[in-house]
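Step one of this worksheet: look at the structure below.
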Amino acid sequence: TFLLIYYVLLFVFLIIYNSAMVSLDEVSMTNQALRAYRDVSFLVPLGQYYFIVVAILRGIGFNIKQFNFIIKNMICQKI
């Protein structure tokens, strides 16, 4: 479900980014706005890397929920 939400938000961002880039021909943007678009366009794909790592871990059979359970048990046993 998080992946679906991420892709919907990515699609919305790409539409906004495309309209901003098309409007550059007609209206000049401030340096601050251009830097903001550049920074956001750098940060948006970072979520993609997280989902790729999770998909690879699930593909090789690593269960993340079970791993969290093992860590909790190890902490409880030390106490």
Side-chain angles (χ1 to χ4, degrees):
T1 59
F2 291 115
L3 192 60
L4 180 65
I5 294 169
Y6 172 76
Y7 280 120
V8 168
L9 292 175
L10 180 65
F11 184 70
V12 170
F13 170 75
L14 289 175
I15 291 172
I16 293 170
Y17 190 75
N18 184 29
S19 67
M21 292 299 122
V22 168
S23 69
L24 275 177
D25 289 337
E26 301 166 1
V27 179
S28 64
M29 297 177 77
T30 64
N31 287 338
Q32 191 175 22
L34 289 173
R35 287 184 186 151
Y37 276 114
R38 182 196 65 192
D39 293 342
V40 171
S41 66
F42 173 74
L43 293 175
V44 166
L46 293 180
Q48 183 74 24
Y49 299 129
Y50 169 76
F51 290 121
I52 289 172
V53 169
V54 170
I56 290 172
L57 289 176
R58 283 185 174 175
I60 61 174
F62 186 76
N63 190 355
I64 296 171
K65 292 179 183 176
Q66 182 181 5
F67 182 70
N68 288 337
F69 180 73
I70 292 171
I71 291 176
K72 288 178 185 176
N73 281 343
M74 290 170 60
I75 292 171
C76 290
Q77 287 175 356
K78 288 183 182 180
I79 295 176

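Taking a 4.5 Å side-chain heavy-atom cut-off between Ile, Leu, Val, Met, Phe, Trp and Tyr, the cluster of Phe11 extends to Ile15.
Phe2 and Tyr6 fall within the same hydrophobic cluster, defined by Ile, Leu, Val, Met, Phe, Trp and Tyr side-chain heavy atoms under 4.5 Å apart, directly or through other members. Transitive grouping of hydrophobic side chains (ILVMFWY, heavy atoms separated by less than 4.5 Å) brings Phe51 and Val44 into a common cluster. Grouping the Ile, Leu, Val, Met, Phe, Trp and Tyr side chains by contacts below 4.5 angstrom, directly or via other members, places Val54 apart from Tyr49. Leu10 and Val12 fall within a single hydrophobic cluster, where Ile, Leu, Val, Met, Phe, Trp and Tyr are joined by side-chain heavy atoms under 4.5 Å apart, directly or via other members.
If you check the side chains of Tyr37 and Gln32, you find no donor sitting under 3.5 Å from an acceptor.
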Exercise for review: Show the numbers, then the answer: is there a side-chain contact (heavy atoms from CB on, under 4.5 Å) between Val22 and Asn18?
Suggested key: CA-CA 6 Å; Val22 168; Asn18 184 29; 3.7 Å; yes
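Note that CZ of Arg38 is 10.5 Å distant from CG of Leu43, once rounded to the nearest 0.5 Å. Here the straight-line distance linking atom CD1 of Ile52 with atom CG of Leu3 works out to 10.0 Å at 0.5 Å rounding. Rounded to the nearest 0.5 angstrom, Ser41 OG and Ile16 CD1 are separated by 13.0 Å.
Sorted pairs that involve residues 8-17 and meet side chain to side chain donor-acceptor pair (under 3.5 Å), not counting sequence neighbours, are lacking altogether.
In this structure Tyr50 satisfies the side chain to side chain donor-acceptor pair (under 3.5 Å) test with no other residue, sequence neighbours excluded.
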